[in-house]
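Structure first, commentary second.
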Amino acid sequence: MEYVVEVENLKKSFGRNHVLHGISLKIKRGESYVVIGGSGSGKSVLTKCILGLIKPTSGIVKINGERIAKLSQKEMFKTLLKCGVLYQGGALFDSLNVIDNISFGLVYGYGKSIKEAYKIAIEKLELVDLSEKVAKIFPSELSGGMQKRVALARAIATNPDIIFFDEPTTGLDPITSGIISELIVKCIKEMKMSALSITHDINSLKCISDTVGLLYQGNIIWEGSNQELTTTDNPYVKQFINGSTTGPFTNRAAR
Amino acid sequence: MVFLERVGRTFLTFLSSIGSATLFLAKSVLSGVAPPYYWKQIGKQAIQMGFFSLPVVGMTALFTGMAMTLQCYNGFSKFTAENAIPSIVMIAMTRELGPVLTALMVAGRLGASMTAEIGTMKITEQIDALTTLSVNSYKYLVFPRLLIGLLALPFLVFIDDVIGLFGGYLVGVYYLDFNAANYIRNTISAISIWDIASGLIKGAVFGFLICLMGCYQGYLSNRGAEGVGKATTKSVVSSSILILLLDCVLTFVLF
């Protein structure tokens, strides 16, 4: 079986605060894996450790079979070219307009000419249902939903093998959330990418996931398919999916 | 014991700050010297620092030169030593006032904006986005600023010297009724290449320092808008103090 991402016994602590307690997960080529969990459960830290933005305390992370801790900076940047990231707030560069944002990785990462990069950027804009008219607009002039679309276009611009979605629908209204979720599915299917997403949004989760992992207190305590999500007896999953105020999450927190 | 503990802790924090700033500097310089070079970023910083600082620097120099001439006149006229005024203004502007005032103005104007810009990029994950788009953020954000800081400040100091002397000339000739030809002759006779060069050397050191502190504090920013605000204050205060401290050290070394 070919895995795009492999994580083995990943641990991360910040001083005495142990955030990840030994996480293991594997993402197959073409699979969409979604990590769910409450606020502060370590979802963002997990993504950042996988991308090499945070150095893990211990454990192994492999992207496309390469152990990232063993890579030189140059090799790491080469590996990152095969990863796209959609950040929670979009993380679009304020000083650049939409088209420069989308073509950034193509120009600076792949060394493509501006003309070539712009051509690809326009194609990606169309893929996320935005017209060429927004190309010269700056991110601050766009609505939240449009910013997410532009950020998605930037994340897929380099045709990555795997794309990371950090709470892609947070802060958006339900309709825009649905549109973004559908766009994510469209991009994954059309471009045959793998995806690792983290989300709180149950509707988005049902739409974009093939496999789901529940992160709780630094461990993945449940893993299953999209269908198993609604049929499982796991009390943690049940409480999370139903948004119930009583259950193991809250009982444990209250103790 | 508590007092000693505090002193020790403060001293250790100070040493650790120096260590981390040095590492930051090494990372930035080492990343910047190897190709590819981001000429667009370098050009942008050159315009921002070298061109847009001219009005502020020019006005500071003009008023300082004028005030300096007036003050010298008030003192020197008591000893009928008015002829020495142009040479005193010349020495004061080129050796001290030019580099120090230019650096302080640039620290307020650009050091602050550098920290605020980089700090905002840090908290909105734009620096992470640079990394995941396979661009070394030190090379893209820090090195161009350090390089231009090193080159633009001497240029601004030179402009400051010229405008400062012109301010002195205006007050001397049009307010204090000096003979214009005599004033210019006395100024020219006081010109010393070493005085001018020492001011430019100071300018280069201060420019590098302002950009280093501006970028470093920006990278240390955390905890939202308040964190960026604090980092900006720290950047301006630390640059200003270091400028005055280094001015003293450089004066000992150069003269």
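So you know, we letter chains A, B, ... as the sequences are listed, proteins then strands, and number each from 1. Hydrogens, waters and symmetry mates play no part in the numbers below; they use all other heavy atoms, side chains included.
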| field | From B:Thr10 atom OG1 to B:Leu15 atom CG, the distance as rounded to the nearest 0.5 Å | value |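 These two atoms lie 11.0 Å from each other.
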Side chain, backbone, both or neither of [X] within contact of chain B (heavy atoms, under 4.5 Å):
| X | result |
| --- | --- |
| A:Leu51 | side chain |
| A:Phe93 | both |
| A:Leu92 | backbone |
| A:Ser95 | side chain |
| A:Asp166 | side chain |

| Using 30° and 60° as the class limits, which term best fits the ring planes of B:Tyr138 and B:Tyr219: parallel, tilted or perpendicular? |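 Ring orientation of B:Tyr138 relative to B:Tyr219: parallel.
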| task | Could you give me the CA-CA distance, side-chain angles and deciding distance for B:Ser238 and B:Tyr216, then say whether side chain to side chain contact (heavy atoms under 4.5 Å, CB included) is met? | result | CA-CA 11 Å; B:Ser238 56; B:Tyr216 175 64; over 6 Å; no
| query | Under a 4.5 Å heavy-atom cut-off, does chain A meet the side chain of B:Thr124, its backbone, both or neither? | reply |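 For B:Thr124, the contact with chain A is made by the backbone alone.
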| task | Name the option with the most non-hydrogen atom pairs under 4.5 Å to chain B; the candidates are A:Tyr108, A:Phe164, A:Tyr87. | result |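 Highest number of heavy-atom pairs under 4.5 Å: A:Tyr87.
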| request: Mind ranking A:Thr79, A:Asp94, A:Val85 by heavy-atom pairs under 4.5 Å with chain B and telling me who comes out on top? | output: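 Maximum pair count with chain B is reached by A:Asp94.
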| request: Using the six-membered ring of A:Phe14, assess whether NZ or CZ of A:Lys12 lies under 6.0 Å from its centre and within 45 degrees of the ring axis. | output: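 Yes; both conditions hold, so A:Lys12 lies above the ring face of A:Phe14.
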| message | Which one wins on heavy-atom pair count under 4.5 Å against chain A: B:Ile127, B:Thr132, B:Thr131? | response |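 Counting heavy-atom pairs under 4.5 Å, the top option is B:Thr132.
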| Heavy-atom check, side chain of B:Ser53 versus side chain of B:Leu110, under 4.5 Å |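 Side chain of B:Ser53 against side chain of B:Leu110, heavy atoms only: contact under 4.5 Å found.
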| request: Indicate whether the side chain of B:Thr251 and that of B:Lys202 have a donor and an acceptor atom separated by less than 3.5 Å. | output: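 Yes, B:Lys202 and B:Thr251 have a side-chain donor paired with an acceptor closer than 3.5 Å.
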| B:Glu117 bridged to B:Arg145 by N-O distance under 4.0 Å |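 Here B:Glu117 pairs with B:Arg145 in a salt bridge, since their nearest N and O are under 4.0 Å apart.
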